[in-house]
Protein chains: 2
Amino acid sequence: MNDAAPTPLTARRVAEDILRNAILVGELKPGQRLTERSLCELAGVGRTTVREAVRQLESEGLISTVPHRGPVVAVLSEGEARDLYELRAMLEGQAGRLCVLRGDARHAAALHAAVDQMEHARQAGSMLGILEANGAFYAALNAGARNEALRQAMLGVQNRLAFFRFTSTRWPGRAERSVAELRAIAAAVVARDAAAAEAACIRHIEASAELALLVLAERARGAAMVRGGRRNAMERGLIP
Amino acid sequence: MNDAAPTPLTARRVAEDILRNAILVGELKPGQRLTERSLCELAGVGRTTVREAVRQLESEGLISTVPHRGPVVAVLSEGEARDLYELRAMLEGQAGRLCVLRGDARHAAALHAAVDQMEHARQAGSMLGILEANGAFYAALNAGARNEALRQAMLGVQNRLAFFRFTSTRWPGRAERSVAELRAIAAAVVARDAAAAEAACIRHIEASAELALLVLAERARGAAMVRGGRRNAMERGLIP
DNA sequence: CGCACCCCAATTGTCTGTCAATCATGTTGA
DNA sequence: TCAACATGATTGACAGACAATTGGGGTGCG
């Protein structure tokens, strides 16, 4: 039942992955300017290929390009972040609802397993484990919802908000509450209560959004304090 | 308050628009194979530029590329169409809800104006007018909903389903019912009944989906009858 | 000292040409 | 009849080149 690796592994795809990871991990920071040449070195491919990869990441919302100025790692304004979290809440709420309506006991079990896995990782202090369990949870949710378009939309939004995943997960007490919120979702799915599942999903995302916007505001304050100095230098791509 | 035309009008953008229009209008038919050279001629640009434009349309879901085989105008399976319509119903339902929660009287008035415009175009038998009014309606809805991410998501889904817009609008009696459905949405927004607006949006999309899937099934039957003859030829890009 | 203007380096946008890798087709041979 | 092979077409990818544009630095003037 596994996907029979439809990956002809073209160089462009490799470059995309390298650049995407560099952004998601934070190696390339929001606002940082990217020259094509530096990306060529980073990805180890020619300029043509890099430009195509950049186009892809641009469409994913990870990069924004100003004509004749080149690509820049996308930086979310507070308004954009708010919009994206709102959209994410809608999408995941619907996913939760559909998971109840269309999923079976196996999906419910997978949800519970993912939550347990996350609780385990949390107690072990493994942030990577937490993120992995989070991925498993959403995989199970989407498997139950049985809507590929919805899944891809959720993935896209999550990627654009990936910037917050690390800081949010580290926030004191956040992981614990997050586990509780996911457990509530799983419980609603087990109970086959669609409305409750939808509401639980929305609550989870709203809690995430609240924290993320707080973090964003804090960063903005911090950035404002050094504005005029480092900020200009960073936007010019002079700070690694 | 108008957007100060942020269009540096690069050749790539022009090529994108040409190809996108060719697909949306149906000049390039679903399943048709596209060689890079033919696209170069069609768009009037070099191969490098065409490849970037194709990458963009690929991310919009209008083109699907098989490595080492080249781009193909995306063809929706019944399952994919169903998923997309379901997603669209969710998104537009939420847009309707938000339009009630956040919109003001001006948005409600714009919705009504768009419906009247559509009714006018329908009586005049102007399909182009109908589509234009439809665009105005969604512009008003999204203006009221005040969520740019949601708007873009809706636009993306609508584009992927653009194939059905023409055939659906032509369907006997469909335009009339469509006007009635949109009027119901506008009425709910005027009445400030969020739940009713959401439900009306969902009903509208579900009606569209029902017809589209019917059209799709009919086309599939028709295509099956000539399979082995024209179909292979078309997939090979030999039929214009 | 401040401001407007101009010139220049850096970078992007785009084209052309080239070459290997791969797929699809047609042909040959058992 | 079917399998293996040869062949042509097309994509994937690169390097190089050139015009267009941007941003910055320097200059001159008030």
Side-chain angles (χ1 to χ4, degrees), chain A residues 4-19 28 31-59 63-74 228-239, chain B residues 4-19 28 31-59 63-74 228-239:
Chain A
T7 21
L9 213 52
T10 162
R12 195 192 86 233
R13 220 48 82 86
V14 175
E16 277 174 22
D17 288 345
I18 291 179
L19 299 186
L28 301 176
Q32 181 175 345
R33 193 171 163 195
L34 309 169
T35 70
E36 291 182 352
R37 287 223 160 61
S38 66
L39 296 183
C40 289
E41 290 181 27
L42 204 160
V45 296
R47 210 157 72 101
T48 308
T49 310
V50 145
R51 284 177 63 88
E52 288 186 32
V54 165
R55 224 52 70 198
Q56 173 66 28
L57 300 188
E58 192 181 357
S59 78
I63 281 181
S64 54
T65 301
V66 192
H68 294 112
R69 280 212 49 188
V72 172
V73 180
R230 294 177 60 130
R231 185 168 176 264
N232 277 346
M234 189 178 86
E235 285 186 347
R236 278 155 61 192
L238 301 179
I239 293 186
Chain B
T7 22
L9 213 51
T10 161
R12 195 192 84 234
R13 220 46 83 89
V14 175
E16 277 174 23
D17 287 345
I18 291 178
L19 299 185
L28 302 176
Q32 183 175 345
R33 192 171 161 194
L34 310 169
T35 71
E36 291 182 352
R37 285 220 157 65
S38 67
L39 296 182
C40 290
E41 289 180 29
L42 203 160
V45 297
R47 215 158 70 101
T48 308
T49 310
V50 144
R51 285 176 61 89
E52 288 186 32
V54 165
R55 227 49 78 193
Q56 173 67 30
L57 300 189
E58 192 181 354
S59 78
I63 281 180
S64 54
T65 302
V66 194
H68 295 112
R69 280 213 46 186
V72 172
V73 181
R230 296 177 60 132
R231 184 167 176 265
N232 277 345
M234 187 179 88
E235 285 185 346
R236 278 154 63 193
L238 300 180
I239 293 185

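Lettering follows sequence order; numbering is per chain, from 1.
Within the structure, a side-chain polar atom (N or O) of T10(A) is placed less than 4.0 Å from OP1 or OP2 of dA13(D). Residue R51(B) places at least one side-chain N or O closer than 4.0 Å to OP1 or OP2 of dG12(D). Between T35(A) and dA10(C), a side-chain N or O to OP1/OP2 separation shorter than 4.0 Å is absent.
Whole-Å rounding puts the L34(B) CG to dG12(D) P distance at 13 Å. Protein atom CZ of R12(B) is 16 Å distant from nucleotide atom C1' of dC15(C), rounded to whole Å. Whole-Å rounding puts the L39(B) CG to dT14(C) P distance at 16 Å. For the pair E41(B) CD and dC15(C) P, the computed distance is 14 Å after rounding to whole Å. H68(A) has its NE2 atom 11 Å from the P atom of dT12(C), to the nearest Å. Summarising the geometry, the separation between CZ on R13(B) and C1' on dT14(C) is reported as 15 Å, rounded to the nearest angstrom. Going from atom CZ of R69(A) over to atom C1' of dG24(D) covers 12 Å, rounded to whole Å. Note: CD (E52(B)) to C1' (dG12(D)) measures 14 Å, nearest angstrom.
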Please tabulate the protein-to-nucleotide N/O contacts below 3.5 Å involving nucleotides 17-20 of chain C, giving atom names and distances.
none

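For T35(B), the side-chain hydrogen bond (donor to acceptor under 3.5 Å, both in side chains) criterion is met by S38(B), not counting sequence neighbours. Every residue meeting the side chain to side chain contact (heavy atoms under 4.5 Å, CB included) condition with V14(B), not counting sequence neighbours, appears here in chain and number order: L9(B), I18(B). When the side-chain hydrogen bond (donor to acceptor under 3.5 Å, both in side chains) test is applied to R37(B), no partner is found at least two apart in sequence or on another chain. In this structure S59(B) satisfies the side-chain hydrogen bond (donor to acceptor under 3.5 Å, both in side chains) test together with S59(A), sequence neighbours excluded. Under the side-chain hydrogen bond (donor to acceptor under 3.5 Å, both in side chains) criterion, Q56(B) pairs with E60(B), not counting sequence neighbours.
Here the closest heavy-atom approach between residue P71(B) and residue L39(B) is recorded as CG-CD1, 4.4 Å.
Between R55(B) and E52(B), none of the side-chain N atoms (NZ, or NE/NH1/NH2) sits under 4.0 Å from a carboxylate O, so this pair counts as no salt bridge.
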